[in-house]
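Note that the structure is predicted; figures quoted are calculated from it, not measured. First listed ligand is number 1; within each ligand, the first listed atom is number 1.
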Amino acid sequence: MAIPTVVLIPVWGTGHLMSMLDAGKRLLGCRGGGGAGGRLSLTVLVMQPPRKEYASAVAATVRREEASGLDIRFHHLPAVEPPTDCVGVEEFVSRFVQLHADHVRAAISGLACPVAGLVIDFFCTTLLDVSRELAVPTYVYFTSNAACLALFLRLPALEEEVTVEFEEMDGEVDIPGLPPVPPSSLPKPVMDKKNPNYTWFVYHGRRFMEANGIIVNTVHEIEQSVLAAIADGRVTAPGARAPVIYPVGPVISFTPPSDDSPHECVRWLDAQPPASVVFLCFGSMGSLPPPQVLEVAHGLERSGHRFLWVLRGPPAAGSMHPTDADLDELLPEGFLERTRARGLVWPTWAPQKEILAHAAVGGFVTHGGWNSTLESLWFGVPMVPWPLYAEQHMNAFTLVVAMGVAVAMKVDRKRNNFVEASEVERAVKSLVGGSEEGRKAREKAMEMKAACRKAVEEGGSSDMAVHKLYDELSTQTA
Ligand SMILES: COc1cc(-c2[o+]c3cc(O)cc([O-])c3cc2O[C@@H]2O[C@H](CO)[C@H](O)[C@H](O)[C@H]2O)cc(OC)c1O
Ligand SMILES: O=c1ccn([C@@H]2O[C@H](COP(=O)(O)OP(=O)(O)O)[C@@H](O)[C@H]2O)c(=O)[nH]1
């Protein structure tokens, strides 16, 4: 009989597609997985991305994985017409995915091998209707952390409990397993209940309950208390218990470098003392408006510390991604000359993981995307979170208050996440300048590094979670 397959349905963004593929590959790595005599294969249903800028990145990923020799097949779904009347990302992605339901049904029904299960990105819960119809067990893959997942699961009950906007409520938001969450730290889509993006968040939170399990890119030991609260039924409404949670992280995509010569950023770091450099980078969609760039430049200059700053320009019209920065136009007059001996400003995509791995890096000013956060923890680098979009305000709260791996910085959410130069200076000095706060964050980050590495070793918590999932999937089609 043909080997049963696990069908993956990712969304197209790098932090989503790569993360799900790498998690899937861990299933193939289980005893009897995708190697010779394997008991499971992977089939990836690829949606044609709604924007050209994503299409080439997706195509490159597919080419690389097809050449890997692993038992992974890619099935390209027919294109659909993207909705044109959406107000934001959550609504757009959710509705665009929903339009693929018939194609997903046809693709799964047409597979020549038995289907062990379906793994869907968290934006894809509308497809639970298809999997129910086909009687295929379905797991949600949650690319962010357990704290954010707990909020998703708690939202349907919060709908009843908090009838005003969160920012108008008295006190803080109660999410069992987390310290009380200030309403100003909630993810962007939750900040405006009249917005369809909020409605979609609540919708997904409700539908997660129908899944056979939720796979989360986190580590049991680093989010123990919130994971326990979910498992004990304290997060969900009375009488409702969340599906089994599989913390399989950190899932980090390490792609082999394309040539042997070290990147210019790495060569620059080679000449810096250990733990002396603060690294600033704001994710795949992060760029700072020109007045904000000036504040950062002044803050870094006044801090007196070494820095490696990935500075990107504003996105071109119709794009979500930053352009390469024009440094002469963006930076203050004479800044590069004055800081030449201790700073490097890099105007384009940087090899973030290689940089975080470097001994010279002492701290990371990050937008707090979950992939960046896990990469920082993997290398034991303490952070200063500077949330810009999506769930990043919630991540910043988790990193500072719940995990203690980051030094807080005052970010004015009401002024487009503006940070004053003096605050950049203070945060940088605190992070890499030997303050008690910075020392504690570094110590915690090193503890988390050890926990992350242990979790993915044979017999570690994440390794066990992957095996548990593998066993469940393989028995379902046995
Ligand atoms: C988790 O809550 C939100 C996620 C997103 C979001 O949307 C998105 C849409 C795309 O078409 C492509 C993407 O790559 C993408 C990515 C994305 O979130 C990022 O996901 C990472 C892993 O979950 C990470 O945690 C980053 O912080 C996110 O930026 C958008 C959103 O609101 C706008 C969310 O609330
Ligand atoms: O110059 C850059 C910017 C980002 N990244 C990578 O892009 C991903 C960003 O994912 P994250 O979840 O942190 O944020 P998002 O971009 O999805 O908001 C991470 O793997 C980073 O290492 C990188 O390698 N170089």
NZ/NE/NH1/NH2 to OD/OE distance under 4.0 Å, E90 and K188: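 Between K188 and E90 there is no salt bridge, as every charged N stays at least 4.0 Å from the carboxylate O atoms.
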
Parallel, tilted or perpendicular: rings of F122 and H16 (30°, 60°):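 Judged by the thresholds at 30° and 60°, the geometry between H16 and F122 is tilted.
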
Aromatic ring pairing F152/F208, orientation class (parallel under 30°, perpendicular over 60°, tilted between):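 Tilted.
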
Can you check whether [X] has an N/O within less than 3.5 Å of an N/O in ligand 2?
X: T348; result: no
X: V310; result: no
X: H367; result: yes

Could you tell me, atom by atom, which parts of ligand 2 come under 4.0 Å of a heavy atom of [X]?
X: E375; value: 19 (C), 20 (O), 21 (C), 22 (O)
X: C281; value: 1 (O), 2 (C), 3 (C)
X: Y389; value: 15 (P), 16 (O), 18 (O)
X: G283; value: 3 (C), 4 (C), 16 (O)

4.5 Å side-chain heavy-atom contact, D324 and R312: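 Heavy-atom side-chain distance check passes, below 4.5 Å.
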
Spacing of S19 atom OG and Y141 atom OH [to the nearest 0.5 Å]: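 Here the interatomic distance stands at 3.0 Å.
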
Structural part of P351 in contact with ligand 2, heavy atom criterion under 4.0 angstrom: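 It is neither; nothing of P351 touches ligand 2.
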
Side chain, backbone, both or neither: the part of W370 lying under 4.0 Å from ligand 2 by heavy atom: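 Just the backbone.
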
Residues that E437 engages under salt bridge (charged side-chain N to carboxylate O under 4.0 Å, His left out), provided they are two or more places apart: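 Listed in chain order: nothing, the list is empty.
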
Proximity flag Q392 to ligand 2, non-hydrogen atoms under 4.0 Å: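 Contact present.
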
Partner of H321 by ring-ring contact (aromatic ring centres under 6.0 Å, His included), out of Y54, W349, F282: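 By the ring-ring contact (aromatic ring centres under 6.0 Å, His included) criterion, H321 pairs with just one of Y54, W349, F282: Y54.
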
Main-chain N/O of F96 paired with H100 side-chain donor or acceptor, under 3.5 Å: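 Answer holds: yes.
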
Option whose closest heavy atom lies nearest to atom 9 (C) of ligand 2, chosen from S372, G15, G369: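 Nearest option to atom 9 (C) of ligand 2, by heavy atoms: S372.
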
